[in-house]
Each structure stands twice: as C-alpha cells, then as structure tokens.
K.L.:
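I have a structure here, written as structure tokens, and I will follow up with some questions on it.
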Amino acid sequence: MIQTAIMEILVSILIAAVAALIIKTAWSSMGLTLVVVEGASMEPLFHSGDLVLVQHVPPQDIHVGDIIVYQGCGGKLIIHRVYLICNNGGTYCYVTWGDNNPAPDTPNMICSTCLCTLDGIYQAAVPYEKVVGKVVEAGGFIYKVPYIGALASLLRS
C-alpha cells in the first residue's frame with residue numbers, strides 16, 4: 001500500500017515536470033518567458049517575489065511607459081519602466097527608471113556606453129541588445145502572479 005502511494009506521487013511529479021517542460025517550450029517558441037521580480041524598485045506595481053510574463057518584441061514595439069526587462073551588469077535582470085527612447089547610431093536605446101526610484105537607472109546598473117539626452121544632460125541608456133523583453137500587458141492588465149516567484153527562488157537556493 002505504501003509502495004503504491006509512493007508510485008502515485010512519483011508519477012504525478014513526472015507528469016507535472018513533463019507538462020512544465022511542454023509549456024516552457026511552447027512559450028519559448030512564442031518569445032515568452034517568466035521573470036521573478038527582485039527588490040522594491042517597481043513598487044507598488046510589482047513586489048519582490050511577483051512572477052511576470054515577458055515577451056521578446058522588436059525594438060520599435062517598445063514605447064515610453066512600457067515596462068521592460070533587461071540584462072544589467074553581471075547579467076542581473078532588471079525590470080523598469082521606459083522613460084525615454086533615442087536612436088544612438090542606429091541602435092535603439094532606452095532610458096529606464098524604477099517607479100519607486102528617485103532617478104533614472106545609472107551606468108553602473110546598465111553597463112553600457114549607450115547614451116540619450118534628457119533635458120540637455122547625457123543619460124545612461126539600455127541598448128536594445130540587452131533587452132530581454134517587454135512585460136505583457138493587455139487592456140491595462142499586467143500579466144503577473146503575486147509573490148509566487150518567491151517560492152521558485154526559495155526552491156532554487
């Protein structure tokens with residue numbers, strides 16, 4: 001009887017793992033990925049541990065006010081709002097700013113030589129090649145699952 005229960009649990013885990021792999025593969029083929037929010041820079045919209053759906057889009061589909069995910073220094077993913085867009089020698093560049101931060105993202109966060117002019121001052125900007133994608137939104141609704149990413153982060157550590 002105990003062996004049957006253990007076998008049922010193992011089969012359930014296997015089915016869940018296969019389903020997760022199929023979903024991840026399907027989403028990847030559509031340019032979709034899930035990202036866990038870390039930190040408080042986008043509060044009150046996002047909280048640490050929220051899970052957000054992100055879609056890779058062409059550079060011209062990113063607009064002021066959109067929320068993007070980009071690879072910052074050391075490959076750390078940063079989720080911030082686009083404040084300004086410029087074209088720097090043929091490369092789209094985005095000045096980003098966390099909703100809960102006092103100023104735009106700094107060069108030591110972005111690790112890029114891309115610059116835009118903001119009120120006559122050169123501002124560090126995220127080049128398109130560092131953009132992972134744009135947070136998926138439809139009709140003002142952002143696709144996120146509150147705090148569930150905290151569980152995923154805990155399981156990884």
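The figures that follow rest on heavy atoms only: side chains count, while hydrogens, waters and symmetry mates do not.
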K.L.:
Applying a strict under-4.5 Å side-chain criterion to I, L, V, M, F, W and Y, I'd like to know whether V64 and V135 cluster together.
P.N.:
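No.
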K.L.:
Any side-chain heavy-atom pair from D61 and P58 closer than 4.5 angstrom?
P.N.:
yes
K.L.:
Distance check, rounded to the nearest 0.5 Å: Y122 atom OH versus C86 atom SG?
P.N.:
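Here the rounded value is 10.0 Å.
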K.L.:
Using modelled atom types and a 3.5 Å cut-off, is there a donor and acceptor pairing between side-chain atoms of W97 and backbone atoms of A103?
P.N.:
yes
K.L.:
Given the rule in the side-chain contact (heavy atoms from CB on, under 4.5 Å) test, do V52 and I79 qualify, once you have shown the distances and angles that lead to the verdict?
P.N.:
CA-CA 10 Å; V52 296; I79 302 174; 4.0 Å; yes
K.L.:
Mind checking whether I121 and Y83 sit in one hydrophobic cluster, side chains of I, L, V, M, F, W, Y counted as touching below 4.5 Å?
P.N.:
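I121 does not cluster with Y83.
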K.L.:
Ignoring hydrogens and angles, tell me if any N or O in the side chain of K130 forms a donor-acceptor pair with the backbone of I110 under 3.5 Å.
P.N.:
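Answer holds: yes.
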K.L.:
Before giving the answer on side-chain contact (heavy atoms from CB on, under 4.5 Å), spell out for V126 and Q71 the whole-Å C-alpha distance, their side-chain angles and the decisive distance to 0.1 Å.
P.N.:
CA-CA 9 Å; V126 178; Q71 285 191 331; over 6 Å; no
K.L.:
Specify the closest pair of heavy atoms between S112 and A125, including all atoms of both residues, with the distance to one decimal.
P.N.:
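Where S112 meets A125 most closely, the heavy atoms are OG-O, 3.4 Å.
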K.L.:
Could you walk me through whether Y94 and V131 pass the side-chain contact (heavy atoms from CB on, under 4.5 Å) check?
P.N.:
CA-CA 9 Å; Y94 311 93; V131 174; 4.1 Å; yes
K.L.:
With side chain to side chain donor-acceptor pair (under 3.5 Å) as the criterion, how do Y70 and D105 come out once you've worked through the C-alpha distance, each side chain's angles and the decisive distance to 0.1 Å?
P.N.:
CA-CA 11 Å; Y70 70 89; D105 296 351; 2.7 Å; yes
K.L.:
Could you check whether any side-chain N or O of K144 sits under 3.5 Å from a backbone N or O of L45, counting only pairs where one atom can act as donor and the other as acceptor?
P.N.:
yes
K.L.:
Hey, quick one: are V136 and L34 part of the same hydrophobic cluster, counting side-chain heavy atoms closer than 4.5 Å, chains of contacts allowed?
P.N.:
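Yes; L34 is reachable from V136 via cluster members.
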K.L.:
Rounded to the nearest 0.5 Å, what separates atom OG1 in T96 from atom CD1 in I62?
P.N.:
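Taking OG1 in T96 and CD1 in I62, the distance rounds to 11.0 Å.
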K.L.:
Is there a path of hydrophobic side-chain contacts, each under 4.5 Å between heavy atoms, that joins V35 and M42?
P.N.:
yes
K.L.:
Does any N or O in the side chain of R81 come within less than 3.5 Å of the main-chain N or O of D99, such that one atom is a donor and the other an acceptor?
P.N.:
no
K.L.:
Between Q123 and P104, which heavy-atom pair has the shortest distance, and what is it?
P.N.:
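Closest pair (atom of Q123, atom of P104, distance): NE2-CB, 3.6 Å.
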K.L.:
Taking the side chain as every heavy atom from C-beta outward, state whether V37 and H47 have any pair of such atoms under 4.5 Å apart.
P.N.:
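In short, these two side chains do not touch, never coming nearer than 4.5 Å.
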K.L.:
Between P146 and D50, what is the shortest heavy-atom contact and its length?
P.N.:
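Looking at all heavy atoms of both residues, the closest pair is CA-OD1, 3.2 Å.
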K.L.:
Taking all heavy atoms of T117 and all of L84, pick out the closest pair and write down the distance.
P.N.:
O-CD2, 3.4 Å
K.L.:
Do E137 and Y143 touch side chain to side chain, with heavy atoms closer than 4.5 Å?
P.N.:
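E137 vs Y143: side chains apart.
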K.L.:
Quick one: does I67's side chain get under 4.5 Å of I142's, heavy atoms only?
P.N.:
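Sidechains of I142 and I67: in contact.
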K.L.:
Write down the atom of G72, the atom of I78, and the distance for their closest heavy-atom approach.
P.N.:
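Reported closest heavy-atom pair: CA-CD1, 4.0 Å.
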K.L.:
Does the N88 side chain pair with the main chain of C93, one donor and one acceptor, at a distance under 3.5 Å?
P.N.:
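Not a single qualifying donor-acceptor pair exists.
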K.L.:
For S48 and G39, which heavy atoms make the closest approach, and how far apart are they?
P.N.:
OG-N, 3.2 Å
K.L.:
V82 versus V95: any side-chain heavy-atom pair under 4.5 Å?
P.N.:
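Of all side-chain heavy-atom pairs linking V95 with V82, none is under 4.5 Å.
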K.L.:
List the steps and the verdict of side-chain contact (heavy atoms from CB on, under 4.5 Å) for V69 and H80.
P.N.:
CA-CA 7 Å; V69 176; H80 282 169; over 6 Å; no
K.L.:
Can you find a heavy atom in the side chain of I68 that is under 4.5 Å from one in the side chain of V54?
P.N.:
no
